[in-house]
Amino acid sequence: MNTDLNYDQVIKLLLKSECDSFIQQVILLLQLVHDEIKEKSLRKSDFVFTQFKEGHILITGIREEV
């Protein structure tokens, strides 16, 4: 089952993990998020993440104010 997550939930999963490859993947994902925050004036709460049943976490949406 896929699970929708917010930024804080992704951080909690990162801190709980003991798997090096998962930690590296999430750190790279969060670096991308922070680059987008700086470039496009977004907030952490604008990002929607999904953790797939295989364990991978991806950005699956960005909420942008109109």
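Numbers here simply count residues along the sequence, with the first being 1. Basis for what follows: all heavy atoms, side chains included, without hydrogens, waters or symmetry-related copies.
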Side-chain hydrophobic cluster, 4.5 Å single linkage: members besides F52: L58
Listed by chain and number, what are the side chain to side chain contact (heavy atoms under 4.5 Å, CB included) partners of [X], not counting sequence neighbours?
X	value
K40	E36, L42
L5	T3, Q9, V10, L13, F49, Q51, I57
D4	T50

Partner set under ring pair (Phe, Tyr, Trp, His ring centres under 6.0 Å) for Y7, not counting sequence neighbours: H34
Reported CD1-to-OG distance for the pair I37 and S45, which is rounded to 0.5 angstrom: 8.5 Å
CG on D35 to CG on L30, rounded to 0.5 Å: 11.0 Å
Whether R63 side chain and V48 backbone form a donor-acceptor pair below 3.5 Å: no
Same apolar cluster (I L V M F W Y, side chains within < 4.5 Å links), I23/L15: yes
Pairs where residues 13-33 contributes a residue and the test side-chain hydrogen bond (donor to acceptor under 3.5 Å, both in side chains) is met, not counting sequence neighbours: Q25-H56
T60 and N2, any side-chain heavy atoms less than 4.5 Å apart: no
